[in-house]
Amino acid sequence: MSPITTEQLRAEVLGAAVALAGEGMSLRQEIALERPPRAELGDYSTNAALLLAPSLGAPPREVAQRLGAELKARLGDGLDRFEVAGPGFLNLFLHPRWFAAALSEVLKAGERFGAGGASAPERVLVEFVSANPTGPMHVGHARNAAYGDALARVLSLHGHEVVREFYVNDAGSQVRKLGESIQALARGEEVAEDGYKGEYVKQLSAGLADAANTEPAELGHMAVEAMVSNMQASLGAFGVVTFDHWVYESTLHSGQPSPVEHTLAILEAQGQTYRSEGALWLRTTAHGDDKDRVLVRSSGEHTYFASDIAYHQDKRERGFQRQIDVWGADHHGYVARMKAAYDALGGDPEHLEMLIMQLVHLVRRGERAQMSKRAGEFVTLDDLVAEIGVDAARWFLLSRSHDTTIDLDLDLAVEQSSDNPVYYVQYAHARIASMLVKAGPERVAAALVEQGNYDGGRAEPEHASERGLIKRLLAFPAEVQEAARRRAPHRVAAYALELAQEFTAFYRDCHVLDVQPQELESLRIALCVATQRTIACSLDLLGVSAPTEM
RNA sequence: GCCCCCGUAGCUCAGCUGGAUAGAGCGUCGGACUUCUAAUCCGAGGGUCGCAGGUUCGAAUCCUGCCGGGGGCACCA
């Protein structure tokens with residue numbers, strides 16, 4: 001029985017290592033199965049011998065030789081040959097037969113290839129965007145939205161049960177301030193110095209009936225409704241999968257007892273709070289924070305922090321083992337206190353993740369521009385989409401790690417959007433679609449049956465480009481796992497580009513349609529289908545479309 | 001002052017649970033469209049991985065310090 005996926009290959013390597021060193025082998029690092037830096041170094045390589053050498057008391061290269069022999073015995077014909085290289089790497093050259101069998105596994109997995117790899121599926125709540133409803137969403141929110149959405153998709157594909165939530169801050173003084181600004185505009189008065197300005201406020205004012213004679217607080221809430229509706233439309237246009245819940249901060253203050261009161265009662269009962277200077281404090285310093293925090297001001301009002309704790313407690317009570325908050329860079333100071341509060345509530349801080357999105361800097365003519373919401377000077381999510389389109393925008397925002405700052409020069413982005421690598425990936429997808437149309441559905445179906453039931457003896461991938469493409473496909477499940485584990489959807493973007501490049505090399509070197517013998521055409525058609533599915537799946541994880549023609 | 005993120009090619013960024021000659025896109029230069037989609041392909045050029053120590057058989061990757069950039073340090077939200 002030959003191993004036919006990289007997972008099985010890895011298992012064989014580990015098995016061979018155990019055969020040499022025994023069950024109780026101690027390693028300084030984990031044995032890795034990786035792709036060597038250059039093609040002539042083999043299909044896969046392992047550092048196992050380097051790690052086993054000390055405990056075996058033998059030179060690494062000698063250990064590698066023994067390990068290779070052991071593997072050869074296990075893999076039989078699947079392993080063409082092995083080489084010992086450098087300080088003691090074991091390089092594996094697999095037989096084309098192995099690749100044919102591996103491709104058949106990919107085909108059998110079908111649309112589910114790469115899915116469901118989570119060893120311990122969790123119920124995860126991903127809260128993201130949560131933009132204040134006092135203004136339009138800017139590019140920072142666009143980044144947050146793209147990231148949170150993609151992360152949720154990745155986690156979901158990996159096998160977790162994911163719920164998406166948007167937290168609406170509709171209870172603060174900012175909402176009243178927005179109402180005041182709207183009223184001032186409706187009355188033809190000057191907006192206060194610290195009020196809200198900008199075109200959207202005028203539109204809100206014009207859209208609300210009798211704004212001149214309505215209470216600012218009431219106006220504020222009407223405006224929030226309108227803003228939430230706008231945000232929903234903008235997010236929808238940006239391809240963000242619909243949020244499962246929109247949770248309003250105000251609901252945390254209603255009911256008997258309200259969620260906030262309920263949460264404060266828990267904290268008080270556990271002796272986590274104290275009164276000082278007329279305020280109620282949470283002893284966050286007992287849980288790693290650098291100073292205690294106020295929950296209820298001396299004025300009797302709850303702080304935002306109190307609402308936030310109640311919100312997180314509410315999520316816990318709804319049964320989420322894991323909470324992920326996707327927050328803006330300006331919230332990083334909240335991480336320690338929120339974790340402390342979570343700990344104080346009796347939760348495991350390890351199960352509360354606050355992912356901090358670094359800033360998107362706006363650049364104009366080579367200089368950083370300031371985004372000011374009150375002054376109405378910023379690039380909105382809608383602007384971004386209108387200028388460069390959803391696919392280019394999402395790719396741009398998602399192909400970088402969330403913890404690096406991004407410079408966005410919109411003029412440059414518009415100018416360069418047609419050079420966006422996203423189109424390269426989409427192009428590969430469209431090309432395949434075109435070829436498969438040309439082949440015809442019956443021919444494609446026959447090829448899939450033929451290759452999906454591979455049992456040796458048929459055409460094998462003799463060309464290095466065929467094997468290169470299969471190797472890249474085989475890497476997909478591990479990429480999804482890495483992206484999920486590290487909360488790093490940008491890895492999927494990098495993978496999609498590599499896969500498209502690998503396909504393009506295959507396309508260049510290997511003619512597909514009407515090649516002889518027919519078994520070879522089947523193999524290549526099947527390879528095209530597997531590639532198309534995997535590109536489509538990768539793009540979908542990013543929320544980018546996979547067109548069938550361009 | 002304290003905390004978080006970043007510093008890799010001209011530009012934008014991957015790589016960082018240590019591994020072999022550090023990668024991609026864009027830009028630059030030179031080639032390729034009677035061939036399954038040229039939104040493509042082939043080739044060239046481009047690097048003290050911020051600096052200095054340390055750990056290691058092996059460091060862009062881990063540790064410490066320093067320098068530089070960004071962000072945060074409310075009884076605001």
Side-chain angles (χ1 to χ4, degrees), chain A residues 28-30 32 34 36-38 41 45-47 50-51 53-54 59-60 85-89 91 132 134 169 171-175 177 249 276-281 290-291 293-308 328-337 356-359 361 366 368 395-396 399-409 412-413 416 418-428 430-439 482 485-486 488 490-491 493-495 497-498 501 504-505 507-515 524-525 528 549-550:
Chain A
R28 287 189 312 168
Q29 11 175 144
E30 205 175 328
E34 45 196 17
R38 294 184 305 285
L41 295 178
S45 74
T46 178
N47 59 351
L50 286 161
L51 302 174
F89 291 105
N91 294 335
N132 284 332
T134 49
N169 298 122
S173 59
Q174 298 302 322
V175 172
K177 200 164 280 175
E249 184 188 356
S276 174
E277 302 165 55
L280 182 70
W281 297 71
D290 52 10
K291 59 202 256 193
R293 307 292 173 173
V294 171
L295 294 172
V296 182
R297 288 175 232 163
S298 47
S299 67
E301 292 175 300
H302 295 114
T303 58
Y304 172 85
F305 185 44
S307 304
D308 227 15
D330 57 339
H331 274 64
H332 112 263
Y334 261 70
V335 173
R337 77 186 65 167
I356 302 300
M357 304 298 299
Q358 294 303 316
L359 296 185
H361 285 127
R368 289 200 169 156
W395 184 276
F396 175 82
S399 53
R400 287 120 164 105
S401 162
H402 69 88
D403 55 13
T404 189
T405 53
I406 292 182
D407 283 347
L408 173 63
D409 186 324
L412 203 60
Q416 292 186 346
S418 61
D419 297 322
N420 193 312
V422 71
Y423 299 119
Y424 182 94
V425 180
Q426 291 181 317
Y427 188 67
R431 232 178 195 175
I432 296 172
S434 165
M435 290 163 70
L436 296 180
V437 164
K438 200 158 278 187
E482 268 299 281
R485 190 180 67 76
R486 289 176 44 186
H490 75 278
R491 306 226 4 155
Y495 173 78
L497 185 58
E498 287 164 357
Q501 285 169 332
T504 304
Y507 177 85
R508 179 192 67 226
D509 296 335
C510 303
H511 202 92
V512 176
L513 302 179
D514 300 322
V515 289
R524 290 180 175 172
I525 287 175
C528 284
E549 53 186 31
M550 290 176 76

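Given the structure is predicted, the values throughout are model-derived calculations rather than measurements. Proteins come first, then strands; the chains are lettered A, B, ... in the order of their sequence lines, and each starts at number 1.
Partners of H302(A) by ring pair (Phe, Tyr, Trp, His ring centres under 6.0 Å), not counting sequence neighbours, listed by chain and number: H253(A). When the side-chain contact (heavy atoms from CB on, under 4.5 Å) test is applied to A488(A), the partners found at least two apart in sequence or on another chain are R486(A), H490(A), R491(A). Applying the side-chain contact (heavy atoms from CB on, under 4.5 Å) rule to A336(A) yields the partners D289(A); only residues at least two apart in sequence or on another chain are considered. In this view, V512(A) and M435(A), F506(A), R524(A), I525(A), C528(A) satisfy the side-chain contact (heavy atoms from CB on, under 4.5 Å) rule, not counting sequence neighbours. A search for side-chain hydrogen bond (donor to acceptor under 3.5 Å, both in side chains) contacts involving D509(A) returns S465(A), not counting sequence neighbours. Judged as a ring pair (Phe, Tyr, Trp, His ring centres under 6.0 Å), and not counting sequence neighbours, the contacts of Y495(A) are F476(A). For the salt bridge (Lys or Arg N to Asp or Glu O under 4.0 Å) test, residues two or more places apart in sequence or in another chain that qualify with D290(A) are R293(A). Residues satisfying the side-chain contact (heavy atoms from CB on, under 4.5 Å) criterion with A430(A), sequence neighbours excluded, are M550(A). By the side-chain hydrogen bond (donor to acceptor under 3.5 Å, both in side chains) test, T303(A) is found to be paired with no residue, residues two or more places apart in sequence or in another chain being considered.
A74(B) atom C1' lies 15 Å from atom CG of D308(A), rounded to whole Å.
Side-chain to base pairing of H332(A) with C3(B): one donor and one acceptor N or O lie within less than 3.5 Å of each other. Under 3.5 Å, the side chain of S307(A) and the base of A77(B) form no donor-acceptor pair of N or O atoms.
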Inset, instruction - Using a 4.0 Å heavy-atom cut-off, write out nucleotides 36-46 of chain B from 5' to 3' as B (base contacted by protein), S (sugar-phosphate only) or - (no contact). - result: BBSBSSS----
Legend entry - B/S/- contact track for nucleotides 13-19 of chain B, protein heavy atom under 4.0 Å: SSSSB-B
Legend entry - Which nucleotides of RNA chain B pair, in dot-bracket form (Watson-Crick or G-U under 3.5 Å, | meaning another strand): (((((((..((((.....[...)))).(((((.......))))).....(((((..]....))))))))))))....
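For the pair D330(A) and N420(A), both in contact range of RNA chain B, the more 5′-proximal nearest nucleotide belongs to N420(A).
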Legend entry - Steps toward side-chain contact (heavy atoms from CB on, under 4.5 Å) verdict (L497(A), Q501(A)): CA-CA 6 Å; L497(A) 185 58; Q501(A) 285 169 332; 4.3 Å; yes
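Checking G27(B), G70(B), A20(B) against the side-chain heavy atoms of L41(A) singles out A20(B) as nearest.
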